[in-house]
Participant: 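Handing you this structure, nothing more for now.
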Protein chains: 2
Amino acid sequence: MARGTTTEEPVRQRLVAEATRLFAERGFESTSVQEIVAAAGVTKGAMYHYFASKDDLLHEIYGRVLRMQTERLTMFADAAGPVAERLHAAATDVVVTTVDNLDDSKVFFRSMHQLSPEVYKTVRAERRRYHERFRDLVAEGQRAGVFRDDIPAEIVVGFFFGSVHHLGTWYHPDGPLSGPEIGRHFADLLLRSLGNA
Amino acid sequence: MARGTTTEEPVRQRLVAEATRLFAERGFESTSVQEIVAAAGVTKGAMYHYFASKDDLLHEIYGRVLRMQTERLTMFADAAGPVAERLHAAATDVVVTTVDNLDDSKVFFRSMHQLSPEVYKTVRAERRRYHERFRDLVAEGQRAGVFRDDIPAEIVVGFFFGSVHHLGTWYHPDGPLSGPEIGRHFADLLLRSLGNA
DNA sequence: CTGTCCTGACCGACCAGTCGGTACGCTTGT
DNA sequence: ACAAGCGTACCGACTGGTCGGTCAGGACAG
């Protein structure tokens, strides 16, 4: 650990955390490597010891978010119980975790196009798999006759995730609504728009 | 008109058009002024003759989009007829115009934070007024008992416009669905999630 | 002595914006 | 009729500064 500088948290994690915060605040292109390392209390050399490039740092952020969301969705989708309940739970959860990690969400949808072409493709593919898993849940309910099927499941998923991704532009933690409240409302809206009753 | 160069379209309009295309493709910060003027077939001097700065060019794009959308919403909202029909028509229209101007939409939600603080505030305020007009339409239906009122109109509007703004990330004009088709589906989803029947 | 972690000066590329100058048509005085 | 004067449109080399990334080496643990 070389010289005991300031914090106990490992340098690598501090760099990712500060980068996330700054990218969310100013955007990827408007944040210099110098600002990131200054915020983390190290120098450029340290950053380039752990990451190959500024892009690599961004890639790390995407990887973390995708891993977590995919894991959680799988958990909810593969649970027992009626499909409507599983979908409602999964929808609520994605909203709550998005609100709990708003900075990640802001970076995700604002800076995706700054990734290098290959990394961009990888991220898109993983994101696509995630959407497909969600879509299958909707389609399952449609086949079972629980959901209306006059609107393609693909559209429904695009509609719902658009709403979720945009939370970063208007949701404020100090506002009148908590994450779980927003989650319940969003899940209600989704389920209701699919409702057959 | 000075020297007859190449195209007939005025230089100013060509600059805005090419800037929109490039900003949508690469993002504001990753597009150099040099690239914009090269695409428009002029030089930097010409651009700085018409615009005060690169930011000013971005501002112009926002102004154009906001003016058009506000105007159209007012038209649909102030029309005659039941509130459910007016809301459906307005919702369909905003989707169709978004799809018809996808580049504008991409620039809008990806590069907003690159505007100077004052301009940013102005744009946010105008955007806010737009949302409020839409929210009032929802609230009107709720008061009239046509829409369910157990979810705040504010949330419903945030939900719907999230979906619309995110069209830019996944809608493709060559895909299987046309703008009006997406518009109808989106408006159906909105109305259905508000449905009382 | 060796590998890991980290420093900070430095480099070449690039970028937004500037500025002195040019081309050309419209107005005005004679 | 004509030239002088002027304003608008545009050119493109240049500048001051910033940025991502490099590198030679120092400090410390095992």
Side-chain angles (χ1 to χ4, degrees), chain A residues 1-20 22-23 25-62 107 111 113-120, chain B residues 1-20 22-23 25-62 107 111 113-120:
Chain A
M1 204 166 284
R3 252 166 319 162
T5 39
T6 41
T7 338
E8 266 311 296
E9 204 185 356
V11 170
R12 194 189 157 87
Q13 282 177 39
R14 262 185 4 242
L15 281 166
V16 174
E18 293 301 326
T20 303
L22 289 165
F23 289 165
E25 193 184 306
R26 316 197 226 284
F28 178 75
E29 292 286 341
S30 302
T31 305
S32 70
V33 172
Q34 199 55 240
E35 287 173 312
I36 298 168
V37 298
V42 292
T43 57
K44 283 218 258 186
M47 202 216 91
Y48 281 96
H49 175 70
Y50 289 108
F51 300 95
S53 62
K54 192 186 172 190
D55 274 61
D56 194 34
L57 197 46
L58 185 58
H59 183 200
E60 177 76 14
I61 296 171
Y62 279 86
V107 174
S111 303
H113 55 121
Q114 306 291 0
L115 290 163
S116 69
E118 327 102 58
V119 174
Y120 181 75
Chain B
M1 205 165 285
R3 255 167 315 167
T5 39
T6 39
T7 338
E8 266 311 298
E9 204 185 355
V11 169
R12 194 189 156 86
Q13 281 176 41
R14 260 183 9 239
L15 281 167
V16 174
E18 294 300 326
T20 303
L22 289 166
F23 289 164
E25 193 184 307
R26 312 198 228 285
F28 178 76
E29 293 285 339
S30 301
T31 304
S32 69
V33 171
Q34 200 55 242
E35 288 174 311
I36 298 168
V37 298
V42 293
T43 57
K44 282 221 255 186
M47 203 219 90
Y48 281 96
H49 176 71
Y50 288 108
F51 300 96
S53 63
K54 194 186 169 190
D55 274 61
D56 193 34
L57 198 44
L58 184 59
H59 184 201
E60 177 76 15
I61 295 170
Y62 277 87
V107 175
S111 303
H113 55 121
Q114 307 291 0
L115 291 163
S116 69
E118 326 103 58
V119 174
Y120 181 76

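Chain identifiers are assigned alphabetically (A, B, ...) following the order of the sequence lines, protein sequences preceding nucleic acid strands; residue numbering begins at 1 within each chain.
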Participant: With a 4.5 Å heavy-atom cut-off, do A:Phe23 and A:Lys54 have their side chains touching?
Facilitator: yes

Participant: Quick one: which protein N/O atoms are closer than 3.5 Å to N/O atoms of nucleotides 11-17 of chain C? Pair and distance per line, please.
Facilitator:
from	atom 1	to	atom 2	distance (Å)
C:dA16	OP1	B:Thr31	O	3.4
C:dA16	OP1	B:Lys54	NZ	2.9
C:dA16	OP2	B:Val33	N	2.9
C:dA16	N7	B:Lys44	NZ	3.0
C:dG17	OP2	B:Tyr48	OH	2.8
C:dG17	OP2	B:Lys54	N	3.0
C:dG17	N7	B:Lys44	NZ	2.7
C:dG17	O6	B:Lys44	NZ	2.7

Participant: In whole Å, I'd like the distance from the NE2 atom of B:His49 to the P atom of C:dT22.
Facilitator: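 Rounded to the whole Å, the gap is 18 Å.
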
Participant: Holding to side chain to side chain donor-acceptor pair (under 3.5 Å), I want the full list of residues that pass it with B:Gln34, two or more places apart in sequence or in another chain.
Facilitator: none

Participant: Run the side-chain donor-acceptor check on residues 36-50 of chain A: report pairs under 3.5 Å with partners two or more places apart or on a different chain.
Facilitator:
none

Participant: Between D:dG20 atom C1' and A:Gln114 atom CD, what is the distance in whole Å?
Facilitator: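 Going from CD in A:Gln114 over to C1' in D:dG20 covers 14 Å.
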
Participant: A:Val11 has a side chain; which of C:dT7, D:dC11, C:dC6 sits nearest to it?
Facilitator: C:dC6

Participant: Let me check something: any side-chain donor-acceptor pairs from residues 55-62 of chain A under 3.5 Å, sequence neighbours excluded? List them with distances.
Facilitator:
from	atom 1	to	atom 2	distance (Å)
A:Asp55	OD2	A:Ser116	N	3.4
A:Asp56	OD2	A:Ala52	N	3.1
A:Glu60	OE1	A:Arg12	NH2	3.3
A:Tyr62	OH	A:Val107	O	3.2
A:Tyr62	OH	A:Phe108	O	2.8
A:Tyr62	OH	A:Met112	N	2.9

Participant: Using side-chain contact (heavy atoms from CB on, under 4.5 Å) as the criterion, list what pairs up with A:Glu25, not counting sequence neighbours.
Facilitator: A:Arg21

Participant: Output all residues satisfying salt bridge (Lys or Arg N to Asp or Glu O under 4.0 Å) with B:Glu35, sequence neighbours left out; order by chain, then residue number.
Facilitator: B:Arg26

Participant: Whole angstroms only, please: what is the CZ-P distance between B:Arg12 and D:dC10?
Facilitator: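 Distance, rounded to whole Å: 12 Å.
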
